[in-house]
Amino acid sequence: VQLQASGGGLVQPGGSLRLSCTAPTPTFNMWRTGWFRQPPGKEREFVAAIRWRDARTYYSDSVKGRFTVSRDSAKNTVSLQMNSLKPEDTAVYYCSVPASTYDGGTYYYTRAEGYDIWGQGTQVTVSS
């Protein structure tokens, strides 16, 4: 079982991109979906997350106000709208969901340990 992340590419500083995370099946439970990124030579870091039942969202300080995470229940997908992109946003972006539907609390929403099923990632490069 794997998620499909797409929408990456090369963009100039100040530009925008929209990433999508697609579930492996139409009925796959995406109840909490997180976006993470791994910059070159660095560890994977949290970017954003959404809880489907109430669309509550969570963001890292570095992207707050520039990125927006949303869900489409009809398509069973999650999007990450990225605006005002900076060179430091360059990374491979991954989406992920927990294997269990047990909600252990918001502690796990913003940490990689709270997620089990990952996609292959999509490259985002911000450069002039």
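In this chain, residues are counted from 1 in sequence order.
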Contact list for residues 26-128, test disulfide bond (SG atoms under 2.5 Å apart), sequence neighbours left out
C21-C95
Salt bridge (Lys or Arg N to Asp or Glu O under 4.0 Å) contacts in which one or both residues fall within residues 48-61, not counting sequence neighbours
R51-D54, D61-K64
Just by modelled atom types, is the S100 backbone N or O under 3.5 Å from a matching donor or acceptor in the W31 side chain?
yes
Apart from L10 itself, residues in the same hydrophobic cluster as defined by side-chain heavy atoms under 4.5 Å
none
Pairs touching residues 74-85 that satisfy salt bridge (Lys or Arg N to Asp or Glu O under 4.0 Å), sequence neighbours left out
none
Quick test of your reading: applying salt bridge (Lys or Arg N to Asp or Glu O under 4.0 Å), list the pairs with at least one residue in residues 78-97, sequence neighbours left out, ordered by first then second residue.
R37-D89, R66-D89
What's the separation between atom OG in S79 and atom CH2 in W35, rounded to the nearest 0.5 Å?
7.5 Å
Side-chain donor or acceptor of Y59 paired with backbone N/O of V69 under 3.5 Å:
yes
Evaluate whether atom CD of Q2 has more than 12 neighbouring non-hydrogen atoms of other residues, nucleotides or ligands under 6.0 angstrom away.
yes
Among the clusters formed by ILVMFWY side chains lying less than 4.5 Å apart, do V63 and Y94 turn up in the same one?
no
Do V92 and V97 belong to the same hydrophobic cluster, where Ile, Leu, Val, Met, Phe, Trp and Tyr are linked whenever their side-chain heavy atoms lie under 4.5 Å apart, directly or via other members?
no
Closest approach of F28 and A23, non-hydrogen atoms and distance?
CB-CB, 3.8 Å
Closest heavy-atom pair and its distance - M30, L3:
SD-CD2, 3.8 Å
Going by side chain to side chain donor-acceptor pair (under 3.5 Å), name the pairs with one or both residues in residues 10-26, residues two or more places apart or in two chains.
S16-N83, R18-Q81
Could you work out, with side-chain contact (heavy atoms from CB on, under 4.5 Å) as the rule, every residue matching V124, not counting sequence neighbours?
L17, L19, M82, Y93, V126
Is any side-chain heavy atom of P98 closer than 4.5 Å to a side-chain heavy atom of I117?
no
In chain order, what residues pass the side-chain hydrogen bond (donor to acceptor under 3.5 Å, both in side chains) check against W52, with sequence neighbours excluded?
T33
Just by modelled atom types, is the G114 backbone N or O under 3.5 Å from a matching donor or acceptor in the R32 side chain?
yes
Taking all non-hydrogen atoms of both residues, which atom of L80 and which atom of A48 are closest, and how far apart?
CD1-CB, 4.1 Å
Testing the basics here: between T110 and F46, what is the closest heavy-atom pair and its distance to 0.1 Å?
O-CB, 3.2 Å
Who are the side-chain hydrogen bond (donor to acceptor under 3.5 Å, both in side chains) partners of S6, not counting sequence neighbours?
none
Not counting sequence neighbours, list each pair that qualifies as a ring pair (Phe, Tyr, Trp, His ring centres under 6.0 Å) and has a residue in residues 103-128.
F36-Y115, F36-W118, Y58-Y109
Please check this pair: side chain of N76 against backbone of P26, looking for a donor-acceptor N/O pair closer than 3.5 Å.
yes
So side chain to side chain donor-acceptor pair (under 3.5 Å) across residues 119-128, not counting sequence neighbours, yields Q123-T125
Tell me the salt bridge (Lys or Arg N to Asp or Glu O under 4.0 Å) pairs involving residues 96-123, sequence neighbours left out?
none
Which atom pair, heavy atoms only, marks the closest approach of Q38 to E43?
CG-C, 4.0 Å
